[in-house]
Number of protein chains: 2
Amino acid sequence: MQRPFVHPPIETVTLEGILYALADPVRLEIIRRIGAGTCAMNCSAAAPEKMAKSTQSHHFQILREAGLIRSERRGVEVINQLRCDEIGQKFPGLIPAILKAADERDACRST
Amino acid sequence: MQRPFVHPPIETVTLEGILYALADPVRLEIIRRIGAGTCAMNCSAAAPEKMAKSTQSHHFQILREAGLIRSERRGVEVINQLRCDEIGQKFPGLIPAILKAADERDACRST
DNA sequence: TTCAATAGTTCGATAATCTTGAACTAACGA
DNA sequence: TCGTTAGTTCAAGATTATCGAACTATTGAA
């Protein structure tokens with residue numbers, strides 16, 4: 001089928017959806033990678049290597065439905081970017097706080 | 001069996017565990033109620049009314065295992081409180097950001 | 001002490017959700 | 001047109017959640 005990507009308008013994005021999406025370690029990692037990069041990232045680059053593609057695709061779909069990312073086909077690949085401005089407007093400081101917590105966790109781990 | 005409550009030391013509390021616990025709407029609501037109150041709260045008061053007690057109990061167990069709450073038996077009931085100082089030390093601003101987002105969502109809803 | 005009531009917990013079974021491999025689609029280049 | 005790459009969709013087995021029923025722990029009253 002492969003219908004075009006659906007992105008919920010920011011008004012319908014819910015806190016539950018965001019937390020649910022970010023509660024999965026894989027998806028949190030994807031968001032961290034996408035969020036850290038300056039430009040949009042394709043799915044394979046953002047997801048863990050050894051995971052089944054179908055599972056990757058599933059995770060991206062959940063991130064899209066949660067309103068966290070915007071996906072767009074660019075040639076043979078699909079590029080993704082964080083909808084940080086929109087989300088930041090609706091839930092100020094939420095995403096940064098979570099990403100900061102993830103960074104702090106990593107910093108603690110490596111010491 | 002009913003073994004005594006186990007509370008993970010703050011060092012073993014993970015961001016994943018916290019996000020996972022708070023991703024469930026019921027558990028987020030429980031944390032909001034416990035967090036809002038000035039004193040510790042028993043399970044029935046913090047959980048939604050019409051939910052099965054076994055399900056409530058299950059949710060409290062997940063919140064405990066995530067390190068979000070500390071439970072203690074007080075007579076016939078079990079009182080719960082947010083471990084906000086400890087968590088705030090490990091993940092500064094995380095819980096407040098999530099609770100703030102929940103408050104903002106409610107504020108938008110009611111207007 | 002014994003009995004009843006209250007507040008949670010544990011257990012077992014069904015219902016919902018996740019993960020994966022296989023088959024498929026869409027775009028590109030030789 | 002064919003082969004390759006990058007993702008998606010689908011169906012099925014494996015986890016995980018929800019509930020009712022039975023149980024435990026504590027209190028207070030007879």
Side-chain angles (χ1 to χ4, degrees), chain A residues 1-8 14 16-31 33-34 37 39-66 68-81, chain B residues 1-8 14 16-31 33-34 37 39-66 68-81:
Chain A
M1 257 318 119
Q2 196 127 338
R3 3 182 204 303
F5 299 121
V6 175
H7 299 102
T14 66
E16 278 79 5
I18 291 177
L19 291 180
Y20 172 77
L22 293 182
D24 184 289
V26 170
R27 292 193 291 260
L28 178 59
E29 197 53 39
I30 290 175
I31 288 300
R33 294 191 195 178
I34 294 178
C39 57
M41 207 169 208
N42 70 354
C43 296
S44 301
E49 284 240 340
K50 50 188 164 186
M51 169 169 287
K53 281 184 174 247
S54 53
T55 309
Q56 288 182 7
S57 190
H58 169 69
H59 285 312
F60 277 95
Q61 193 186 342
I62 289 178
L63 289 170
R64 261 194 305 275
E65 286 174 357
L68 279 164
I69 62 171
R70 192 175 291 284
S71 304
E72 198 179 339
R73 181 171 273 275
R74 199 83 103 210
V76 78
E77 58 194 12
V78 172
I79 57 166
N80 304 278
Q81 48 192 342
Chain B
M1 255 325 114
Q2 196 127 342
R3 5 185 204 301
F5 299 121
V6 175
H7 300 101
T14 66
E16 278 80 4
I18 291 177
L19 291 180
Y20 173 78
L22 293 181
D24 183 289
V26 170
R27 292 194 290 262
L28 178 60
E29 196 53 39
I30 290 174
I31 288 300
R33 293 191 196 179
I34 293 179
C39 56
M41 208 170 208
N42 69 354
C43 297
S44 300
E49 284 239 340
K50 51 188 164 188
M51 168 169 288
K53 281 184 172 249
S54 54
T55 309
Q56 288 181 8
S57 190
H58 170 68
H59 285 313
F60 277 94
Q61 193 187 339
I62 289 177
L63 290 170
R64 259 195 306 274
E65 286 173 358
L68 280 164
I69 62 171
R70 193 175 289 284
S71 304
E72 198 179 337
R73 180 171 275 276
R74 199 82 105 206
V76 77
E77 58 192 17
V78 172
I79 57 166
N80 304 278
Q81 48 191 343

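Residue numbers start from 1 in every chain, and the chains themselves are labelled A, B, ... in the order their sequence lines are given, proteins ahead of strands.
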Mind checking A:Val76 for me? I need base, sugar-phosphate or nothing, with any heavy atom below 4.0 Å counting as a touch. base

Residues in side chain to side chain contact (heavy atoms under 4.5 Å, CB included) with B:His59, at least two apart? B:Asp24, B:Val26, B:Arg27, B:Ile30, B:Met51, B:Thr55

Look only at the side chain of A:Asn80 and the backbone of A:Met41, and say whether a donor-acceptor pair between them is shorter than 3.5 Å. yes

Counterpart residues, side chain to side chain contact (heavy atoms under 4.5 Å, CB included), relative to B:Ser44 (two or more places apart): B:Lys53, B:Gln56

Counting just side-chain N and O atoms, does B:Asn42 come under 4.0 Å of either OP1 or OP2 of C:dA7? no

Residues that A:Arg70 engages under side chain to side chain donor-acceptor pair (under 3.5 Å), provided they are two or more places apart: A:Glu86

Using a heavy-atom cut-off of under 4.0 Å over every strand shown, decide if B:Arg64 touches base, sugar-phosphate, or nothing. sugar-phosphate

Need to verify one output field. Residue with the more 5' nearest nucleotide on DNA chain C, A:Arg74 or A:Val26? A:Val26

Only counting residues at least two apart or in another chain, list the ones meeting salt bridge (charged side-chain N to carboxylate O under 4.0 Å, His left out) with B:Glu65. none

When the distance from CG of A:Asp24 to P of D:dT15 is rounded to whole Å, what number comes out? 16 Å

Strand-adjacent residues in residues 51-58 of chain B, judged by heavy atoms under 4.0 Å from DNA chain D: B:Ala52, B:Ser54, B:Thr55

Considering residues at least two apart in sequence or located in another chain, which fulfil the side chain to side chain contact (heavy atoms under 4.5 Å, CB included) criterion with A:Pro25? B:Glu16

